[in-house]
Amino acid sequence: MKQINSIESEVRSYCRSYPIMFDRAKGPFLIDESGKKFVDFLCGAGSLNYGHNNPVLKKEVIDYLNKDGIIHSLDLATKSKEEFLDSFARHILSPRHLNYKVQFTGPTGTNSVEAALKLARKVTNRTKIISFTNGFHGVTLGSVAATGNSHHRGGAGTSLNDVVFMPYDGYMGEKTNTIDYLRRVLEDNSSGIDLPAAVILETIQGEGGINIASTKWHQSLQELCHEFGILLIIDDIQVGCGRTGTFFSFENAGIEPDMITLSKSLSGFGLPFSLLLLKPELDKRKPGEHNGTFRGNNMAFVTAKAAIDYFWTTQELEAGIALKSNIMRCSLEKISREHLSPEIEVRGRGMVYGIDCILSDLASAIRKKCFENGMILETCGSDDQVVKLLPPLTITESELRLGLDILEKSIQEVMKQSDFQKKLEEEIIQK
């Protein structure tokens, strides 16, 4: 770590939480240079839904390289691009009766968000964007303006304009319908908020604390957007590609966004890959008007196609996610009830779950103890008070239970070795 600590920028973060040299990875495990295995419930912040070095996808990469396949091509036509688009259209869009054009943006999720916000402003001739409390959409200038977290916003070094924040579902308590509040703001000519170009949101706020909006809330929001001529953008970068149990996180809500941003696990192999899905009538950009040198990663096309063909042409993966989701929920609720407090909330769907520890130092202590016991995970939420779990979708039941056992052991040890129990009880009483 000496070389990394002396040369790499102070902005580095994950390696501070896990100060160890990792050397290899396979399936749900990260392996350090001494050979010690760590169960990985971080998964590249949601970029490795199919685990590390998935053998099906790895074979496609090796075969592609061995035949001197094109690596970089700007947006030239390539066989790998054509095959990905064909597979994506046939196996993802068509079965869901979705009609979208595909724009390849720069390689990261924030590039896709930037492209969506720019397009919304262009086609509506409006500048304002509505985002939601606790939302996270990236850290480049346009996307961080739509991100709620003050830590990330503070890194911009300049004013962040043309985004208005509204309360997410549940933000003002269970009895308050925040769509009614948004409607009132839009209807009132003296609200001080101009009619926006678009609304952008995550159906499940990953970095914001595993906050889940209800089906009714999503449907009401879409109806409101249609009524006022506002575009609806779903940011499916972290909780898309199967994380919630269906390929798109919004499928069970029965809505159809105007635009969808995808990245992270889209390549299936941890390769940089991002795209924007847009309704055909919104495809108003001139050639090259929004471009980028790396707006088409051919190796990512190859692995993304392989992931779709292998995992999304049958119901096997989705059935497995449903089974393992139930294991996660039951285990986490039991762990929280027995070792933390019955008042502690477990939130999640599919294979993204969080334990709201209420105290940020408690969540941090659990994360550190998990690392000591051979497990990688992260915290999230407005104060990093939520322990977040993102195991690979392909993890076996025995591997999943191994991770959950490590988590339970770690929580037990933290609660025994400190005065967190007293602090937690006091905080719960105050709330």
note = Residues pairing under side-chain hydrogen bond (donor to acceptor under 3.5 Å, both in side chains) where one sits in residues 322-335, two or more places apart or in two chains, turn out to be S325-Y353, R329-E333, R329-Y353, K334-E338
Summary of side-chain hydrogen bond (donor to acceptor under 3.5 Å, both in side chains) pairs that have at least one residue in residues 219-229, sequence neighbours excluded = R183-E227
Compute the ring centroids of [X] and [Y], then answer whether they are less than 6.0 Å apart.
X: F132; Y: W217; answer: yes
X: F165; Y: Y171; answer: no
X: F269; Y: Y50; answer: no
X: H152; Y: F136; answer: yes

request  = Decide side-chain hydrogen bond (donor to acceptor under 3.5 Å, both in side chains) for S265 and S47; before the verdict, give the C-alpha distance in whole Å, the side-chain angles of both, and the deciding distance to 0.1 Å.
outcome  = CA-CA 4 Å; S265 280; S47 299; 5.6 Å; no
query = Just checking, K81 and F301: is the charged tip under 6.0 Å from the six-membered ring centre and within 45° of the axis?
reply =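 That pair does not qualify as a cation-pi contact.
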key: Salt-bridge present (E378, K388; N to O < 4.0 Å)   = yes
query = Any Lys/Arg nitrogen of D86 or R90 sitting under 4.0 Å from an Asp/Glu carboxylate oxygen of the other?
reply =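 Here D86 pairs with R90 in a salt bridge, since their nearest N and O are under 4.0 Å apart.
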query = If you measure from CG on L400 to OG1 on T396, what distance do you get to the nearest 0.5 Å?
reply =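 Here the rounded value is 8.0 Å.
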inquiry  = Tell me which one of I204, I212, I321 satisfies side-chain contact (heavy atoms from CB on, under 4.5 Å) with T244.
reply    =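 By the side-chain contact (heavy atoms from CB on, under 4.5 Å) criterion, T244 pairs with just one of I204, I212, I321: I204.
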Compile the donor-acceptor pairs under 3.5 Å between side chains in residues 292-300 and protein atoms, sequence neighbours left out, one pair per line.
{"residue": "R295", "atom": "NH1", "partner": "G292", "partner atom": "O", "Å": "2.4"}
{"residue": "R295", "atom": "NH2", "partner": "D75", "partner atom": "OD1", "Å": "3.3"}
{"residue": "R295", "atom": "NH2", "partner": "D75", "partner atom": "OD2", "Å": "3.2"}
{"residue": "N297", "atom": "OD1", "partner": "M299", "partner atom": "N", "Å": "3.2"}
{"residue": "N297", "atom": "OD1", "partner": "A300", "partner atom": "N", "Å": "3.2"}
{"residue": "N297", "atom": "ND2", "partner": "P272", "partner atom": "O", "Å": "3.0"}
{"residue": "N298", "atom": "OD1", "partner": "T78", "partner atom": "OG1", "Å": "2.7"}
{"residue": "N298", "atom": "OD1", "partner": "S80", "partner atom": "OG", "Å": "2.6"}
{"residue": "N298", "atom": "ND2", "partner": "I71", "partner atom": "O", "Å": "3.4"}
{"residue": "N298", "atom": "ND2", "partner": "S73", "partner atom": "OG", "Å": "2.9"}

